[in-house]
*Asks:* 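Pasting in a structure now, in structure tokens, and then I'll have a few things to ask.
In what follows, residues are counted from 1 in the order of the sequence shown. Atom set for the values below is all heavy atoms of this structure, side chains included, hydrogens, waters and symmetry mates excluded.
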Amino acid sequence: MKKLAIITAVLLSTFLMSCSVQGDDLDIPEEYNATVENVEYSTLDYQIAELINAYRISEGLTPLNILNAASKEAISHNQYMVGQGAPSHDYFYVRSQNLKDAVNAKTVSENVGYGFSSAASLVNAWLNSEGHRENIQNPDFTDFGISTKQDADGNNYFTNIFVKL
């Protein structure tokens, strides 16, 4: 049982990451220079949003509005992660600054995930991770963006960007 708990902790830390700080990377990949014109949400995206908002309401917090500008940043980041073949918070500072410039965001944070096949499994994993849960529970956030993208092997990549306007 102890081995299972250790393996689970390692997998969660590998496949799930949360971020709320800016980085110092200088070479920005092409994915971040492309403009996402249209935002389309999948059923899985809506399910994730509904579960996060249901949790927030159960904690006495206001639900978050889906913000297309944040979803555009999430879509670009998912394209990058699929291209890299790994989940990451690379270039978070670019997404954060883009939202500060585009919609006057005051605060930006994000959760990423990889490999989950359902909204419930993803959101449960985020809620069982302190950093992810803090982002979801932050009472200052007003909006969020969501994107799910599958790679060629059918693995899901997730980016959820939280914003305070």
*Asks:* From Tyr41 OH over to Ile75 CD1, what is the distance, rounded to the nearest 0.5 angstrom?
*Replies:*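 Reported to 0.5 Å precision, the distance equals 7.0 Å.
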*Asks:* Go through the steps for Ser42 and Asp45 under the test side chain to side chain donor-acceptor pair (under 3.5 Å), then give the verdict.
*Replies:* CA-CA 5 Å; Ser42 68; Asp45 294 332; 3.2 Å; yes
*Asks:* Are the side chain of Asn124 and the backbone of Ala120 linked by a donor-acceptor contact shorter than 3.5 Å?
*Replies:* yes
*Asks:* So which atom in Phe141 and which in Leu64 form the shortest heavy-atom distance, rounded to 0.1 Å?
*Replies:* O-CD2, 3.2 Å
*Asks:* Going from CG on Leu165 to CG on Leu67, what distance comes out if it is rounded to the nearest 0.5 angstrom?
*Replies:* 6.0 Å
*Asks:* Does Tyr80 reach the side chain of Tyr91, with side-chain heavy atoms less than 4.5 Å apart?
*Replies:*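 Yes; the side chains approach each other to less than 4.5 Å.
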*Asks:* Mind checking whether Tyr114 and Asn156 have side chains closer than 4.5 Å, heavy atoms only?
*Replies:*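 Of all side-chain heavy-atom pairs linking Asn156 with Tyr114, none is under 4.5 Å.
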*Asks:* Give the cluster check for Val123 versus Ile57: same hydrophobic cluster or not, with ILVMFWY residues linked at side-chain heavy-atom distances below 4.5 Å.
*Replies:*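 No: no chain of side-chain contacts under 4.5 Å links Val123 to Ile57.
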*Asks:* Could you tell me how the ring of His132 sits relative to the ring of Trp126: parallel (under 30°), tilted (30 to 60°) or perpendicular (over 60°)?
*Replies:*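 Parallel.
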*Asks:* Minimum heavy-atom separation for Val163 and Ala105, please, with both atom names.
*Replies:*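 Smallest heavy-atom distance, with atoms named: CG1-CB, 3.6 Å.
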*Asks:* Output the distance between atom CD1 (Ile52) and atom CG (Leu127), rounded to the nearest 0.5 Å.
*Replies:* 8.0 Å
*Asks:* Taking all atoms of both residues into account, what is the closest heavy-atom pair of Val108 and Phe92, and its distance?
*Replies:* O-CZ, 3.4 Å
*Asks:* Looking only at non-hydrogen atoms, find the nearest pair between Ser71 and Ser147 and report the distance.
*Replies:*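 So the minimum-distance heavy-atom pair works out to O-CB, 4.5 Å.
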*Asks:* Are any side-chain N or O atoms of Asp151 and backbone N or O atoms of Asp153, one a donor and one an acceptor, separated by less than 3.5 Å?
*Replies:*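 Checking the backbone N and O of Asp153 against the side chain of Asp151, a donor-acceptor pair under 3.5 Å is found.
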*Asks:* Determine whether Gln137 and Tyr55 satisfy the following criterion, side chain to side chain donor-acceptor pair (under 3.5 Å), listing intermediate values before the conclusion.
*Replies:* CA-CA 8 Å; Gln137 290 178 331; Tyr55 177 79; 2.6 Å; yes
*Asks:* Are Ile161 and Leu99 side-chain neighbours, meaning at least one heavy-atom pair lies under 4.5 Å?
*Replies:*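 When only atoms from C-beta onward are counted, Leu99 and Ile161 do touch, with a gap below 4.5 Å.
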*Asks:* Which of these, Lys100, Lys72, Glu73, sits in a side chain to side chain contact (heavy atoms under 4.5 Å, CB included) with Arg95?
*Replies:*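 With Arg95 as partner, Lys100, Lys72, Glu73 yield a single side chain to side chain contact (heavy atoms under 4.5 Å, CB included), made by Glu73.
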*Asks:* Taking side chain as C-beta onward, heavy atoms only, is Ser118 less than 4.5 Å from Gln47?
*Replies:*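 Not in contact.
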*Asks:* For the atom pair CG (Leu44) and CD (Gln150), what is the distance rounded to the nearest 0.5 Å?
*Replies:* 8.5 Å
*Asks:* Check Thr148 against Asn78 and note the closest heavy-atom contact, atom names and distance.
*Replies:*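 Answer, listing the atom of Thr148 first, then Asn78: N-ND2, 3.5 Å.
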*Asks:* Can you find a heavy atom in the side chain of Phe158 that is under 4.5 Å from one in the side chain of Ile48?
*Replies:*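 Phe158 reaches Ile48 side chain to side chain.
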*Asks:* Report the distance from atom NE2 of His77 to atom NZ of Lys149, rounding to the nearest 0.5 Å.
*Replies:*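 Going from the NE2 atom of His77 to the NZ atom of Lys149 covers 13.5 Å.
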*Asks:* Between CG of Asn160 and CD1 of Ile136, what distance do you get to the nearest 0.5 Å?
*Replies:*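 Nearest 0.5 Å value for the CG-CD1 distance: 7.0 Å.
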*Asks:* Pro87 versus Met81: any side-chain heavy-atom pair under 4.5 Å?
*Replies:*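 In short, these two side chains touch, coming nearer than 4.5 Å.
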*Asks:* Start with the C-alpha gap between Gln97 and Asp101, add the side-chain angles, then the distance that decides, and say whether side chain to side chain donor-acceptor pair (under 3.5 Å) holds.
*Replies:* CA-CA 6 Å; Gln97 189 59 53; Asp101 293 343; 2.8 Å; yes
*Asks:* Shortest non-hydrogen contact from Ser109 to Asn135?
*Replies:*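 So the two residues come closest at OG-OD1, 2.7 Å.
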